[in-house]
Amino acid sequence: QVQMVESGGDSVQPGGSLRLSCTASGYPYRNCRAWYRQAPGKEREWVADIDFDDSTYYADSVKERFTISQDAAKNTVDLQMNSLKPEDTAMYYCAAPRDRYGICQRSTPKYDAYYWGQGTQVTVSS
């Protein structure tokens with residue numbers, strides 16, 4: 001049974017930093033992992049993803065501020081977030097494709113295609 005667990009969310013002031021972590025227990029594939037976020041009243045949006053070969057991809061809104069990384073041995077994926085802005089406020093979710101050959105969608109995801117965690121809240125406010 002696959003279980004995705006996120007942690008690290010908090011409330012910070014603009015310009016601050018946070019590091020989110022996701023553990024994917026029981027995930028059996030060498031595949032991409034992604035971070036998505038969802039603000040109140042908005043659709044879930046792609047933030048970043050990392051492939052099994054450590055290739056990384058970022059949404060334009062977070063490029064140069066966020067860094068995604070993984071530790072294959074620990075089955076974890078982290079998201080280092082710097083220079084946080086109020087518009088980064090959202091629930092952050094990590095995801096992994098259910099299908100062995102699934103992809104990490106760089107758009108609004110098809111929810112049923114992924115394993116999801118419960119989310120971790122990031123609030124950026126002065």
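Since we're looking at a predicted model, the values are computed, not measured.
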Ignoring hydrogens and angles, state whether a donor on the side chain of Asp78 or Gln80 is under 3.5 Å from an acceptor on the partner side chain. no
On a heavy-atom basis, the closest approach of Gly26 and Val2 is O-CG2, 3.5 Å
Residues in salt bridge (charged side-chain N to carboxylate O under 4.0 Å, His left out) contact with Arg98, at least two apart in sequence or another chain: none
For Gln118, I'd like to know if atom CD has over 12 heavy atoms of other residues, nucleotides or ligands within 6.0 Å. yes
Is Glu6 reaching over with its side chain to a backbone N or O of Thr120, donor-acceptor style, under 3.5 angstrom? no
If the condition is ring-ring contact (aromatic ring centres under 6.0 Å, His included), which residues does Tyr29 pass it with, not counting sequence neighbours? Tyr27
Looking only at heavy atoms, which two atoms of Ala95 and Met4 are closest? And how far apart? C-CE, 3.8 Å
Shortest non-hydrogen separation from Asn82 to Ser17 and the atoms involved: OD1-OG, 3.0 Å
Ala96 backbone acceptor or donor facing Asn31 side chain under 3.5 Å: no
Donor-acceptor pairs under 3.5 angstrom involving side-chain atoms of residues 55-62: please list them, not counting sequence neighbours.
| residue | atom | partner | partner atom | Å |
| --- | --- | --- | --- | --- |
| Ser55 | OG | Asp53 | OD1 | 2.9 |
| Ser55 | OG | Asp53 | OD2 | 3.3 |
| Tyr58 | OH | Ile68 | N | 2.9 |
| Asp60 | OD1 | Lys63 | NZ | 3.1 |

side-chain contact (heavy atoms from CB on, under 4.5 Å) between Phe66 and Leu84, worked out: CA-CA 9 Å; Phe66 290 11; Leu84 283 161; 3.9 Å; yes
Looking at residues at least two apart in the chain, or sitting in another chain, which of them share a ring-ring contact (aromatic ring centres under 6.0 Å, His included) with Tyr114? Trp116
Side-chain cluster (under 4.5 Å, hydrophobic types only) that Phe52 belongs to, other residues: none
Hey, quick one: are Tyr36 and Ile50 part of the same hydrophobic cluster, counting side-chain heavy atoms closer than 4.5 Å, chains of contacts allowed? no
With sequence neighbours excluded, what pairs up with Asp88 under the salt bridge (charged side-chain N to carboxylate O under 4.0 Å, His left out) test? Arg37, Arg65
Which atom pair, heavy atoms only, marks the closest approach of Gly102 to Cys32? O-SG, 4.5 Å
May I ask you to check whether over 12 heavy atoms, not counting those of Glu87, lie within 6.0 Å of atom CD? yes
Is there a side-chain contact between Ser125 and Ser11 (heavy atoms, below 4.5 Å)? no
Taking Thr23 for its side chain and Thr76 for its backbone only, find out whether a donor-acceptor pair lies under 3.5 Å. no
With a distance cut-off below 6.0 Å to the six-membered ring centre and an angular limit of 45° from the axis, does Arg44 pair with Tyr111 as a cation-pi contact? no
Reference residue Arg33; test side-chain hydrogen bond (donor to acceptor under 3.5 Å, both in side chains); the match among Asp51, Asn75, Asp49: Asn75
